A.B. asks: 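Below: one structure in C-alpha coordinates.
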Amino acid sequence: MRRSLFAGIGGYLPARSLTNDQLAAEYQLETSDEWIRERTGIERRHIANAEETAAFMGAHAARRALAMAGIDATRIDCIIVATSTPDQAFPATAVTIQAALGITQGFAFDLSAACSGFVYALSVADAMIRTGQVQAALVIGTEIYSRILNWQDRGTCVLFGDGAGAALLLADEQPDDAPPIGVLSTHLHADGRYGDILYIDGATGQNDKPQHLVMNGREVFRHAVGKLAGAVEEALKANHLTTADIDWLVPHQANRRIIDAMGKRLNLNDNQVVVTVDHHANTSAASIPLALAEAINDGRIKPGHLVLIEALGGGLTWGSALIRL
Ligand code: COA
(Lines give C-alpha, C1' and ligand atoms only; values in the text may rest on other atoms or scores of the structure.)
Protein backbone atom coordinates (compact mmCIF):
# COMPACT_ATOMS: atom_id res chain seq x y z
CA MET A 1 0.00 0.00 0.00
CA ARG A 2 1.29 3.44 -0.91
CA ARG A 3 1.27 5.98 1.91
CA SER A 4 2.64 9.47 2.64
CA LEU A 5 5.58 9.46 5.02
CA PHE A 6 6.03 12.57 7.12
CA ALA A 7 9.71 13.11 6.30
CA GLY A 8 10.44 16.69 7.40
CA ILE A 9 8.95 19.72 9.08
CA GLY A 10 10.04 23.34 9.35
CA GLY A 11 8.73 26.64 10.63
CA TYR A 12 9.45 30.33 10.12
CA LEU A 13 8.46 33.18 12.41
CA PRO A 14 9.12 36.87 11.80
CA ALA A 15 11.83 38.24 14.09
CA ARG A 16 9.54 40.91 15.48
CA SER A 17 7.47 39.66 18.43
CA LEU A 18 5.01 41.85 20.34
CA THR A 19 3.56 41.21 23.79
CA ASN A 20 -0.08 42.09 24.44
CA ASP A 21 1.01 45.30 26.14
CA GLN A 22 3.33 46.26 23.29
CA LEU A 23 0.56 45.59 20.76
CA ALA A 24 -1.95 47.65 22.72
CA ALA A 25 0.50 50.55 22.94
CA GLU A 26 1.55 50.40 19.29
CA TYR A 27 -2.02 50.34 17.91
CA GLN A 28 -3.60 52.41 20.71
CA LEU A 29 -6.04 49.65 21.60
CA GLU A 30 -8.39 49.78 24.56
CA THR A 31 -7.53 46.36 25.85
CA SER A 32 -5.41 44.70 28.50
CA ASP A 33 -2.94 41.86 28.78
CA GLU A 34 -5.27 40.34 31.38
CA TRP A 35 -8.34 40.38 29.06
CA ILE A 36 -6.45 38.80 26.17
CA ARG A 37 -4.77 36.11 28.30
CA GLU A 38 -7.95 35.16 30.13
CA ARG A 39 -10.13 34.86 27.02
CA THR A 40 -7.57 33.38 24.60
CA GLY A 41 -4.33 32.32 26.33
CA ILE A 42 -2.39 34.60 23.96
CA GLU A 43 0.63 36.39 25.43
CA ARG A 44 2.52 37.47 22.33
CA ARG A 45 2.61 37.13 18.54
CA HIS A 46 5.08 37.63 15.68
CA ILE A 47 4.41 40.41 13.18
CA ALA A 48 6.02 40.40 9.73
CA ASN A 49 8.12 43.24 8.34
CA ALA A 50 7.76 44.52 4.76
CA GLU A 51 10.08 41.85 3.33
CA GLU A 52 8.38 38.94 5.10
CA THR A 53 5.55 38.07 2.72
CA ALA A 54 3.63 34.78 2.68
CA ALA A 55 5.95 33.44 -0.04
CA PHE A 56 9.11 34.60 1.76
CA MET A 57 8.09 32.94 5.02
CA GLY A 58 6.79 29.81 3.30
CA ALA A 59 10.03 29.35 1.37
CA HIS A 60 12.05 29.61 4.59
CA ALA A 61 9.86 27.04 6.33
CA ALA A 62 10.11 24.73 3.29
CA ARG A 63 13.93 24.94 3.27
CA ARG A 64 13.94 23.85 6.91
CA ALA A 65 11.63 20.91 6.18
CA LEU A 66 13.87 19.84 3.27
CA ALA A 67 16.99 20.17 5.43
CA MET A 68 15.47 18.08 8.20
CA ALA A 69 14.60 15.31 5.73
CA GLY A 70 17.95 15.61 3.95
CA ILE A 71 16.05 15.83 0.65
CA ASP A 72 17.15 17.96 -2.29
CA ALA A 73 14.53 20.43 -3.58
CA THR A 74 14.90 18.93 -7.07
CA ARG A 75 12.99 15.83 -5.84
CA ILE A 76 9.84 17.85 -5.06
CA ASP A 77 7.09 17.34 -7.63
CA CYS A 78 4.18 19.05 -5.83
CA ILE A 79 3.87 22.19 -3.71
CA ILE A 80 0.55 23.01 -2.08
CA VAL A 81 0.31 26.27 -0.16
CA ALA A 82 -2.57 26.81 2.20
CA THR A 83 -3.03 30.54 2.66
CA SER A 84 -5.73 33.21 2.93
CA THR A 85 -3.13 35.94 2.56
CA PRO A 86 -1.29 35.19 -0.70
CA ASP A 87 1.33 37.61 -2.04
CA GLN A 88 -0.81 38.06 -5.16
CA ALA A 89 -4.04 36.54 -6.53
CA PHE A 90 -1.75 34.97 -9.13
CA PRO A 91 0.80 33.65 -9.70
CA ALA A 92 -0.01 31.45 -6.76
CA THR A 93 2.19 31.86 -3.70
CA ALA A 94 3.09 28.18 -4.22
CA VAL A 95 4.60 29.04 -7.60
CA THR A 96 6.58 31.94 -6.11
CA ILE A 97 7.89 29.55 -3.46
CA GLN A 98 8.72 26.98 -6.15
CA ALA A 99 10.91 29.56 -7.90
CA ALA A 100 12.51 30.66 -4.63
CA LEU A 101 13.50 27.03 -3.97
CA GLY A 102 14.96 26.68 -7.47
CA ILE A 103 12.44 23.98 -8.45
CA THR A 104 11.45 23.78 -12.11
CA GLN A 105 9.66 20.43 -12.23
CA GLY A 106 6.25 19.30 -10.98
CA PHE A 107 3.34 21.60 -10.17
CA ALA A 108 2.35 24.11 -7.49
CA PHE A 109 -0.92 25.69 -6.41
CA ASP A 110 -2.60 27.53 -3.55
CA LEU A 111 -5.52 26.28 -1.53
CA SER A 112 -7.97 28.43 0.39
CA ALA A 113 -9.61 26.95 3.47
CA ALA A 114 -8.74 29.62 6.07
CA CYS A 115 -7.56 28.14 9.38
CA SER A 116 -8.29 24.58 8.18
CA GLY A 117 -5.95 25.13 5.22
CA PHE A 118 -3.13 22.91 6.42
CA VAL A 119 -5.43 19.93 7.09
CA TYR A 120 -7.05 20.43 3.67
CA ALA A 121 -3.67 20.71 1.90
CA LEU A 122 -2.36 17.65 3.71
CA SER A 123 -5.43 15.72 2.60
CA VAL A 124 -4.98 16.72 -1.06
CA ALA A 125 -1.25 15.91 -1.07
CA ASP A 126 -1.86 12.57 0.65
CA ALA A 127 -4.52 11.61 -1.91
CA MET A 128 -2.17 12.49 -4.79
CA ILE A 129 0.62 10.45 -3.24
CA ARG A 130 -1.65 7.45 -2.64
CA THR A 131 -2.79 7.43 -6.27
CA GLY A 132 0.80 7.61 -7.54
CA GLN A 133 0.55 11.09 -9.09
CA VAL A 134 3.08 12.60 -6.64
CA GLN A 135 6.32 11.29 -5.13
CA ALA A 136 7.43 14.17 -2.91
CA ALA A 137 5.16 17.00 -1.77
CA LEU A 138 5.73 20.17 0.19
CA VAL A 139 2.62 21.09 2.16
CA ILE A 140 2.95 24.65 3.40
CA GLY A 141 0.77 26.90 5.54
CA THR A 142 1.85 30.54 5.42
CA GLU A 143 -0.08 33.54 6.66
CA ILE A 144 0.35 37.25 7.14
CA TYR A 145 -2.87 38.22 8.90
CA SER A 146 -1.31 41.42 10.22
CA ARG A 147 -2.01 42.86 6.73
CA ILE A 148 -5.74 42.01 6.78
CA LEU A 149 -6.60 42.85 10.37
CA ASN A 150 -8.72 45.84 11.24
CA TRP A 151 -6.42 47.43 13.80
CA GLN A 152 -9.34 49.43 15.14
CA ASP A 153 -11.25 46.23 16.03
CA ARG A 154 -9.90 45.05 19.38
CA GLY A 155 -12.16 41.99 19.20
CA THR A 156 -10.11 40.50 16.33
CA CYS A 157 -6.74 42.24 15.97
CA VAL A 158 -5.35 40.88 19.24
CA LEU A 159 -6.01 37.27 18.20
CA PHE A 160 -3.74 36.72 15.20
CA GLY A 161 -0.06 36.54 14.29
CA ASP A 162 2.14 35.89 11.25
CA GLY A 163 4.27 32.86 10.37
CA ALA A 164 4.72 29.79 8.18
CA GLY A 165 5.16 26.06 8.55
CA ALA A 166 5.99 23.37 6.01
CA ALA A 167 5.80 19.59 5.94
CA LEU A 168 7.55 17.32 3.48
CA LEU A 169 5.65 14.17 2.47
CA LEU A 170 7.31 11.29 0.64
CA ALA A 171 5.61 8.38 -1.12
CA ASP A 172 6.35 5.10 0.63
CA GLU A 173 5.36 1.54 -0.35
CA GLN A 174 4.34 -0.33 2.80
CA PRO A 175 3.47 -4.02 3.18
CA ASP A 176 -0.29 -4.51 3.64
CA ASP A 177 0.23 -6.61 6.78
CA ALA A 178 2.60 -4.14 8.54
CA PRO A 179 1.35 -1.39 10.90
CA PRO A 180 0.96 1.72 8.73
CA ILE A 181 3.31 4.71 9.08
CA GLY A 182 2.75 8.27 7.88
CA VAL A 183 -0.60 9.91 7.14
CA LEU A 184 -3.21 7.35 8.24
CA SER A 185 -6.30 9.31 7.27
CA THR A 186 -7.76 12.76 6.70
CA HIS A 187 -11.38 13.84 7.14
CA LEU A 188 -12.59 17.18 5.74
CA HIS A 189 -15.81 19.15 6.14
CA ALA A 190 -17.31 22.47 5.08
CA ASP A 191 -20.63 24.20 5.68
CA GLY A 192 -21.03 27.42 3.73
CA ARG A 193 -24.16 28.40 5.63
CA TYR A 194 -21.80 29.82 8.23
CA GLY A 195 -19.71 31.89 5.80
CA ASP A 196 -20.83 35.09 7.47
CA ILE A 197 -19.37 34.42 10.93
CA LEU A 198 -15.70 34.61 9.88
CA TYR A 199 -14.64 36.16 6.58
CA ILE A 200 -12.55 38.75 4.76
CA ASP A 201 -14.75 41.58 3.51
CA GLY A 202 -13.57 41.93 -0.05
CA ALA A 203 -11.50 40.25 -2.73
CA THR A 204 -8.31 41.15 -4.51
CA GLY A 205 -10.39 42.25 -7.49
CA GLN A 206 -12.31 44.75 -5.36
CA ASN A 207 -9.59 47.23 -4.54
CA ASP A 208 -11.88 50.16 -3.77
CA LYS A 209 -11.85 49.26 -0.09
CA PRO A 210 -9.28 47.71 2.23
CA GLN A 211 -9.84 44.05 3.03
CA HIS A 212 -10.34 43.21 6.66
CA LEU A 213 -11.03 40.12 8.69
CA VAL A 214 -14.48 40.15 10.28
CA MET A 215 -15.50 37.67 12.97
CA ASN A 216 -18.39 36.85 15.22
CA GLY A 217 -16.22 35.28 17.91
CA ARG A 218 -19.05 33.86 19.99
CA GLU A 219 -20.60 32.09 17.02
CA VAL A 220 -17.24 30.63 15.94
CA PHE A 221 -16.68 29.43 19.50
CA ARG A 222 -20.15 27.87 19.58
CA HIS A 223 -19.40 25.70 16.52
CA ALA A 224 -15.80 24.81 17.33
CA VAL A 225 -15.71 22.03 19.89
CA GLY A 226 -18.70 20.02 18.60
CA LYS A 227 -17.55 20.07 14.97
CA LEU A 228 -13.93 19.32 15.87
CA ALA A 229 -14.93 16.47 18.16
CA GLY A 230 -17.04 14.99 15.34
CA ALA A 231 -14.09 15.08 12.92
CA VAL A 232 -11.83 13.47 15.54
CA GLU A 233 -14.32 10.67 16.22
CA GLU A 234 -14.46 9.95 12.49
CA ALA A 235 -10.67 9.75 12.30
CA LEU A 236 -10.38 7.34 15.23
CA LYS A 237 -13.21 5.14 13.99
CA ALA A 238 -11.79 4.93 10.46
CA ASN A 239 -8.51 3.64 11.89
CA HIS A 240 -10.02 1.35 14.56
CA LEU A 241 -8.29 3.43 17.24
CA THR A 242 -9.46 5.03 20.48
CA THR A 243 -8.49 8.19 22.34
CA ALA A 244 -6.15 6.02 24.45
CA ASP A 245 -4.00 5.40 21.34
CA ILE A 246 -3.29 9.12 20.78
CA ASP A 247 0.18 10.24 21.85
CA TRP A 248 -0.22 13.89 20.87
CA LEU A 249 -2.94 16.33 19.96
CA VAL A 250 -1.60 19.13 17.75
CA PRO A 251 -4.66 21.34 17.31
CA HIS A 252 -5.10 24.50 15.30
CA GLN A 253 -4.02 27.26 17.65
CA ALA A 254 -6.95 29.69 17.77
CA ASN A 255 -7.80 29.89 21.40
CA ARG A 256 -6.56 28.21 24.58
CA ARG A 257 -10.11 27.55 25.78
CA ILE A 258 -11.01 25.59 22.62
CA ILE A 259 -7.71 23.67 22.82
CA ASP A 260 -8.27 22.76 26.49
CA ALA A 261 -11.85 21.68 25.80
CA MET A 262 -10.67 19.34 23.04
CA GLY A 263 -7.90 17.89 25.22
CA LYS A 264 -10.44 17.21 27.95
CA ARG A 265 -12.91 15.65 25.57
CA LEU A 266 -10.18 13.27 24.35
CA ASN A 267 -9.08 12.41 27.91
CA LEU A 268 -5.57 13.69 27.19
CA ASN A 269 -3.19 15.11 29.81
CA ASP A 270 -2.01 18.67 29.33
CA ASN A 271 1.43 17.31 28.47
CA GLN A 272 -0.01 15.46 25.45
CA VAL A 273 -1.36 18.64 23.87
CA VAL A 274 0.98 20.93 21.93
CA VAL A 275 0.18 24.57 22.68
CA THR A 276 1.80 27.48 20.84
CA VAL A 277 -1.10 29.93 20.87
CA ASP A 278 0.50 31.65 23.89
CA HIS A 279 3.57 32.76 21.91
CA HIS A 280 2.33 32.59 18.27
CA ALA A 281 -1.34 33.66 18.62
CA ASN A 282 -3.51 32.36 15.76
CA THR A 283 -1.43 32.01 12.59
CA SER A 284 -4.32 30.41 10.67
CA ALA A 285 -3.12 27.80 8.13
CA ALA A 286 0.42 28.04 9.54
CA SER A 287 -0.47 27.18 13.12
CA ILE A 288 -0.45 23.36 12.92
CA PRO A 289 2.81 22.95 10.96
CA LEU A 290 4.44 25.56 13.24
CA ALA A 291 3.29 23.64 16.32
CA LEU A 292 4.43 20.34 14.80
CA ALA A 293 7.83 21.85 13.99
CA GLU A 294 8.24 23.11 17.53
CA ALA A 295 7.28 19.81 19.21
CA ILE A 296 9.24 17.59 16.81
CA ASN A 297 12.35 19.79 16.95
CA ASP A 298 12.36 19.95 20.76
CA GLY A 299 12.00 16.15 20.94
CA ARG A 300 8.53 15.90 22.47
CA ILE A 301 7.02 14.20 19.41
CA LYS A 302 9.13 11.20 18.49
CA PRO A 303 9.19 8.67 15.64
CA GLY A 304 6.41 6.14 16.15
CA HIS A 305 4.11 8.54 18.00
CA LEU A 306 0.49 8.82 16.91
CA VAL A 307 -0.37 12.48 16.28
CA LEU A 308 -3.89 13.83 15.88
CA ILE A 309 -4.34 17.19 14.17
CA GLU A 310 -7.59 19.12 13.89
CA ALA A 311 -8.67 22.58 12.76
CA LEU A 312 -11.72 24.73 12.19
CA GLY A 313 -11.80 27.99 10.29
CA GLY A 314 -13.66 30.41 8.07
CA GLY A 315 -16.12 28.80 5.69
CA LEU A 316 -16.87 27.16 7.97
CA THR A 317 -14.27 24.55 7.13
CA TRP A 318 -12.96 21.91 9.49
CA GLY A 319 -11.19 18.60 9.53
CA SER A 320 -8.83 16.17 11.19
CA ALA A 321 -5.89 13.94 10.33
CA LEU A 322 -4.09 11.09 12.05
CA ILE A 323 -0.37 10.74 11.44
CA ARG A 324 1.98 8.02 12.67
CA LEU A 325 5.40 9.74 12.75
N1 COA B 1 -10.00 43.81 25.04
C2 COA B 1 -10.93 44.19 25.92
N3 COA B 1 -12.25 44.02 25.72
C4 COA B 1 -12.63 43.42 24.59
C5 COA B 1 -11.69 42.99 23.61
C6 COA B 1 -10.33 43.22 23.88
N7 COA B 1 -9.36 42.83 23.02
N8 COA B 1 -12.36 42.43 22.57
C9 COA B 1 -13.66 42.49 22.88
N10 COA B 1 -13.83 43.09 24.08
C11 COA B 1 -15.07 43.37 24.78
C12 COA B 1 -16.25 43.51 23.87
O13 COA B 1 -16.31 44.81 23.33
C14 COA B 1 -17.39 43.20 24.78
O15 COA B 1 -17.69 44.33 25.55
P16 COA B 1 -19.21 44.74 25.85
O17 COA B 1 -19.77 43.58 26.62
O18 COA B 1 -19.06 45.99 26.63
O19 COA B 1 -19.85 44.92 24.52
C20 COA B 1 -16.81 42.16 25.73
O21 COA B 1 -15.38 42.27 25.62
C22 COA B 1 -17.22 40.75 25.36
O23 COA B 1 -17.02 40.57 23.98
P24 COA B 1 -17.27 39.21 23.28
O25 COA B 1 -16.84 39.27 21.86
O26 COA B 1 -18.64 38.71 23.57
O27 COA B 1 -16.21 38.33 24.12
P28 COA B 1 -16.07 36.79 24.25
O29 COA B 1 -16.14 36.41 25.66
O30 COA B 1 -16.92 36.03 23.26
O31 COA B 1 -14.55 36.58 23.79
C32 COA B 1 -13.29 35.90 21.87
C33 COA B 1 -14.15 37.00 22.50
C34 COA B 1 -12.96 36.35 20.47
C35 COA B 1 -12.02 35.73 22.68
C36 COA B 1 -14.11 34.58 21.86
O37 COA B 1 -15.39 34.79 21.33
C38 COA B 1 -13.43 33.51 21.06
O39 COA B 1 -12.37 33.04 21.41
N40 COA B 1 -14.05 33.07 19.96
C41 COA B 1 -13.46 32.09 19.07
C42 COA B 1 -12.63 32.84 18.11
C43 COA B 1 -11.76 31.97 17.28
O44 COA B 1 -11.26 30.98 17.74
N45 COA B 1 -11.55 32.39 16.04
C46 COA B 1 -10.66 31.80 15.13
C47 COA B 1 -11.22 30.56 14.56
S48 COA B 1 -10.10 29.99 13.38
Side-chain angles (χ1 to χ4, degrees), residues 18-45 82-85 112-121 141-146 148-163 165 188-192 194-201 212-229 231 250-263 273 275-278 280-291 309-320:
L18 293 183
T19 64
N20 293 335
D21 284 336
Q22 288 168 328
L23 190 82
E26 179 150 342
Y27 293 96
Q28 296 168 346
L29 299 170
E30 250 186 72
T31 186
S32 67
D33 178 51
E34 193 193 355
W35 192 98
I36 300 170
R37 275 179 199 245
E38 246 174 39
R39 298 282 207 298
T40 70
I42 295 166
E43 296 170 20
R44 55 196 307 130
R45 78 284 292 140
T83 186
S84 305
T85 48
S112 169
C115 295
S116 312
F118 183 77
V119 183
Y120 266 62
T142 181
E143 300 280 21
I144 183 157
Y145 270 46
S146 60
I148 56 156
L149 292 170
N150 175 355
W151 289 101
Q152 263 89 55
D153 176 13
R154 64 181 182 173
T156 54
C157 71
V158 301
L159 304 177
F160 295 90
D162 300 331
L188 305 182
H189 294 275
D191 190 338
Y194 305 111
D196 61 349
I197 64 173
L198 178 52
Y199 61 96
I200 297 174
D201 63 345
H212 285 141
L213 180 141
V214 184
M215 181 175 74
N216 180 336
R218 285 209 171 169
E219 276 300 296
V220 175
F221 205 108
R222 200 172 64 78
H223 285 282
V225 179
K227 287 190 162 47
L228 289 170
V250 184
H252 169 50
Q253 307 283 323
N255 180 301
R256 185 68 206 241
R257 288 188 295 167
I258 297 173
I259 293 172
D260 288 348
M262 284 303 295
V273 182
V275 177
T276 55
V277 70
D278 53 340
H280 294 172
N282 182 348
T283 57
S284 191
S287 91
I288 290 176
L290 270 170
I309 68 176
E310 40 87 339
L312 175 132
L316 289 177
T317 55
W318 68 100
S320 67

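Indexing begins at 1, ligand by ligand and atom by atom, following the structure's order. Heads up: numbering here begins at 1 and tracks the sequence. None of the values given here were measured: they were computed from a predicted structure. All values below come from the heavy atoms of this structure, side chains included, with hydrogens, waters and symmetry mates left out.
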A.B. asks: Show which side-chain atoms of residues 218-229 pair as donor or acceptor with protein atoms under 3.5 Å away, not counting sequence neighbours.
C.D. replies:
unit_1, atom_1, unit_2, atom_2, d
Glu219, OE1, Arg222, NE, 3.4
Glu219, OE1, Arg222, NH2, 3.0
Glu219, OE2, Arg222, NE, 3.0
His223, ND1, Lys227, NZ, 3.0

A.B. asks: Can you confirm whether the side chains of Arg45 and Asn20 place a donor and an acceptor under 3.5 Å from each other?
C.D. replies: yes
A.B. asks: Tell me yes or no: between the side chains of Glu143 and Ser284, is some donor less than 3.5 Å from an acceptor?
C.D. replies: yes
A.B. asks: Specify the closest pair of heavy atoms between His252 and Cys115, including all atoms of both residues, with the distance to one decimal.
C.D. replies: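 That closest heavy-atom pairing would be NE2-CB, 3.2 Å.
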A.B. asks: Measure from every N or O atom of ligand 1 to the protein's N or O atoms and keep only the pairs below 3.5 Å, writing each with atom names and distance to 0.1 Å.
C.D. replies:
unit_1, atom_1, unit_2, atom_2, d
ligand 1, 1 (N), Thr31, OG1, 2.6
ligand 1, 3 (N), Trp35, NE1, 3.4
ligand 1, 7 (N), Thr31, OG1, 3.1
ligand 1, 7 (N), Arg154, O, 2.9
ligand 1, 13 (O), Arg154, NH2, 2.9
ligand 1, 26 (O), Arg218, NE, 2.8
ligand 1, 26 (O), Arg218, NH2, 3.0
ligand 1, 29 (O), Arg39, NE, 3.1
ligand 1, 30 (O), Arg218, NE, 3.4
ligand 1, 37 (O), Gly217, O, 3.4
ligand 1, 39 (O), Asn255, ND2, 2.5
ligand 1, 40 (N), Gly217, O, 3.0

A.B. asks: Taking side-chain contact (heavy atoms from CB on, under 4.5 Å) as the criterion, tell me which of Ile42, Thr283, Leu149 meets it with Phe160.
C.D. replies: Leu149
A.B. asks: Give a yes-or-no answer on whether the side chains of Ser146 and Asp162 include a donor-acceptor pair shorter than 3.5 Å.
C.D. replies: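 Their side chains do contain a donor-acceptor pair, which is all the 3.5 Å distance test asks for.
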